[in-house]
Amino acid sequence: MRTFLGRLLLFLLPLAAGEAALRLHPGTPTWYAAEAEEVRSLPAATAEVVFVGSSRVAAAVDAPGFAERCGEALGRPMHGVNAGRGSSTAAMHALGLRAMWSAGDLRGAVVLIEAAGGVAGITPGWSDAWGETWAGSGYAAMIVPYLRLRDLPELLGSAAPREEKLMLALLSTCHLCEYFWVRRGNALKRAELGVDRLLAPSTTEPSELSAAGGVRNDAAGIEALRRTAEQLARDDMRRQTPVGDWEGTAVAHLVRWVEDHGGQARFFVMPLSPVQQPMLETTVRQRDRDAFVLAAKRWGSPVVDVPFETTGDDFPDNWHMRHSRAAAYTAALVSALCTKERWPGGSGR
Amino acid sequence: MLFNSLQFLVFFPVVTALYFALPHRLRWLLLLLASCLFYMAFIPVYLLILAFTIVVDYGAGIWIEGSQGGRRRLFLVASLVANVGVLAVFKYANFATDNLTALGRLTGAWGALPLLSIALPIGLSFHTFQAMSYTIEVYRGRQPAERHFGIYALYVMFYPQLVAGPIERPQNLLPQFHAEHRFDHDRVMRGLLQMAWGFVEKTVIADRLAILVNHVYDAPGRHGSLELIVATYAFTFQIFCDFAGYSDIALGAARVMGFELMTNFDRPYFAGSVAEFWSRWHISLSTWFRDYLYIPLGGNRVPRWRWQVNLLVVFLVSGLWHGANWTYVVWGALHGGYLVCGIWTTGLRRAMARAVGLDRLPRALGLLRVLFTFHLVAFAWIFFRARSLADGVHVATHVFGPVRRADLAGLLTLGLSRFDLILAAASVLMLLGVHGVQRWVSITDLARAAPAPARWTLYYAAIAGILVLGKFEAQQFIYFQF
């Protein structure tokens, strides 16, 4: 037994050294944490606009461009952040916003949330009850940088699957585990891309998609997502279940959190590809959408319609808007939102 | 609790450490409590079903031992009826009802009959068969009745093999619970290595292949011949790696604590005949059927036609044991049919080998036999995996369709990226390579005999390999449903 314990200690020693090294030299922040660093350096009078949602938002919204044009329309300096990211959940955004808020005074900040994400079916986890989905399967590393020790009781007591809770608790307490898990994900992604580039016919034309928010814009990635979108739409339309009451959902929690911390939330409608749009046109989702619009109004965060015409060609991977259309969509957002009557709180911060 | 879960990663070292820390007289209690916890991670209330069969069989064992003649037989029958009754209610009642409803509709005699709204308890067929093995062995006088209720309960519930076997015999397992197991460094390391290999089989190979297989078999009508062929080969290796992976983790976990469970797999895809396949695949189940069904039916010591009927009966029951669905019955019937055809064609096959000169090339003949057996087995797996008989027939008839070069692109639409496809193919080749080497020498022994630096590198590499290349969406083991 003593020999075994001795060797076990010897085995664990390099791992303990790795953990200590990572605690002494934490990694560079990404996503919300990186934005928080930027917010810290802004002049106090700058109004903050944060776009929240999936990778669709990352691809279609030019946040600095929006801030510039909206600031001009309202006559005040504005700073825009696009926090849209693929596979993100409402819980990730709630904790991410908390990280931003702790970096600077963001009272009066406007948080623009993707309404498609607030309607079931498109983005997993948004219409689940708060605490039911923290991170989608395989995306634990995305939320871990924003989980604090004080969140663990709520996490462990939540209705999320036991395995997800254990994984998040492990990754948020063991730096070496988080480091390994993040590197693992990156290495696998690089290996996939490498093999695709090696074997798939490459395109020399500039990509039609922006890589923002984790969007794959290589030929093989676009093709893979096209098929995934078709499959997802088929599967979703076979087994749609109504959300029912929106009050207890993660997206309701997100809105409340923003309002409680002095911010203001609005929902904006993202155009969807002709492959994904039918998912929201079923009777079940029409009812959900109607209920959502009423609920959002009750929360004081109405859904803003953004008139914008698209065709199938605007979505090369059936999911994300073509990069060249982002400026036009951003302009449509400015027209829909940036007037003294429509902008939350008028023109004052 | 799944072996491939974080819960088990905490559970296993804690239980093992406590096991060695506690005095021998308390270890059974620890293992029993741990096994209850392990089982309750699925559906807690189903522990009551286990408790029911444990109480019935414990009592039956003592009563059988203490009685003679008709009463002895009566207690055995009561125990068997209780066990088979639990199986009948929880596993087969809805299947029977579905078929009666279909019959009623066909004849116009009656309408839909009500179904029971119950979920199948995890691993029910495994622990029921293990419990039945106990009372039968006591009845046959080959095993004394266990007086210690806790030890008997542990025999049925021992967590490493509770939900998917191996289906142990009381002669092998019960004495091991009474014996004191001291910490043995070499044995612990061999157990841990076996567990690591099981994790490689499950997380790196089986769960990766599962993505492709599920994609195709969930809607086989949408796929062409090549995709069906690839998915069927993939399932052939998925089911092996899933089940053998579970067995290796179970055997390894038990070995760490000093328990030796029976070997369940012996490189089955290297079998030269279907009969040999069944002496290498799920050995604990095939020997169970041999000892408690095939031999009591007369085995092969009966007229030739009866022997063939016995084989068919055993494989039909084996099919039904796997699941309450006609697909499993067809799968069993196919294997039974293979064996019967094998009997009929023995002479013909020998003559053919002689005619083409293969009898002078034993290695080539052996390879041909292995390939032929592999394909027979793979074909039968179609029905095992298909969601319905109609799906099974569709796949079985379309795998022989034309394959075009252009269909190759379709393989990239099956849920796996190019990288994953290459990795899956490479890991299957590695598996076959390991099995090839294991014919002569055990990989575990090789690893244990290596110099310390090489051994330690291997340990770190194995763990890193599992963590980096494994799929960790906690996919349930296929055999849990049985």
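Every chain is numbered from 1 and lettered A, B, ... according to where its sequence line falls, protein lines coming before strand lines.
By the 6.0 Å contact criterion, OH on A/Tyr139 is open, its count of non-hydrogen atoms from other residues, nucleotides or ligands being 12 or less. Within 6.0 Å of atom CZ in A/Arg162, 12 or fewer heavy atoms from other residues, nucleotides or ligands are found, so the atom counts as exposed in its surroundings. Residue-environment remark: CZ (A/Arg23) exceeds the threshold of 12 foreign heavy atoms within 6.0 Å. Within a 6.0 Å radius of OH in B/Tyr459, other residues, nucleotides and ligands contribute more than 12 heavy atoms. Remark: A/Arg238 CZ is packed, more than 12 non-hydrogen atoms of other residues, nucleotides or ligands lying under 6.0 Å away.
For the set B/Ile422, B/Leu467, B/Val188, the count of heavy-atom pairs under 4.5 angstrom toward chain A peaks at B/Leu467.
At a 4.5 Å heavy-atom cutoff, the contact between A/Gln231 and chain B is made by side-chain atoms alone. In this structure, the portion of A/Arg234 lying under 4.5 Å from any heavy atom of chain B is its side chain and not its backbone. Only the side chain of B/Ile463 comes within contact range of chain A, with heavy atoms under 4.5 Å apart. Looking at B/Phe419, the atoms closer than 4.5 Å to chain A (heavy atoms on both sides) sit in the backbone and in the side chain alike. When heavy atoms are compared at a cutoff of 4.5 Å, B/Ala41 approaches chain A by way of both its backbone and its side chain. Neither the backbone nor the side chain of B/Leu416 comes within contact range of chain A, judged by heavy atoms closer than 4.5 Å. Heavy atoms of B/Val468 lying under 4.5 Å from chain A belong to its backbone as well as its side chain.
By the disulfide bond (SG atoms under 2.5 Å apart) test, A/Cys177 is found to be paired with A/Cys174, residues two or more places apart in sequence or in another chain being considered. Evaluation of the side-chain contact (heavy atoms from CB on, under 4.5 Å) rule for A/Arg150 yields A/Arg98, A/Arg148 as partners, not counting sequence neighbours. With sequence neighbours left out, the salt bridge (charged side-chain N to carboxylate O under 4.0 Å, His left out) criterion links B/Arg208 to B/Asp420.
Atom-to-atom distance recorded for B/Tyr460:OH and A/Leu15:CG is 5.5 Å, nearest 0.5 angstrom. Note that NZ of A/Lys165 and CD of B/Gln7 are 10.0 Å apart. Values are rounded to the nearest 0.5 Å.
Residues of residues 186-194 of chain A lying under 4.5 angstrom from chain B, judged on non-hydrogen atoms, are A/Leu188, A/Ala191, A/Glu192 by number.
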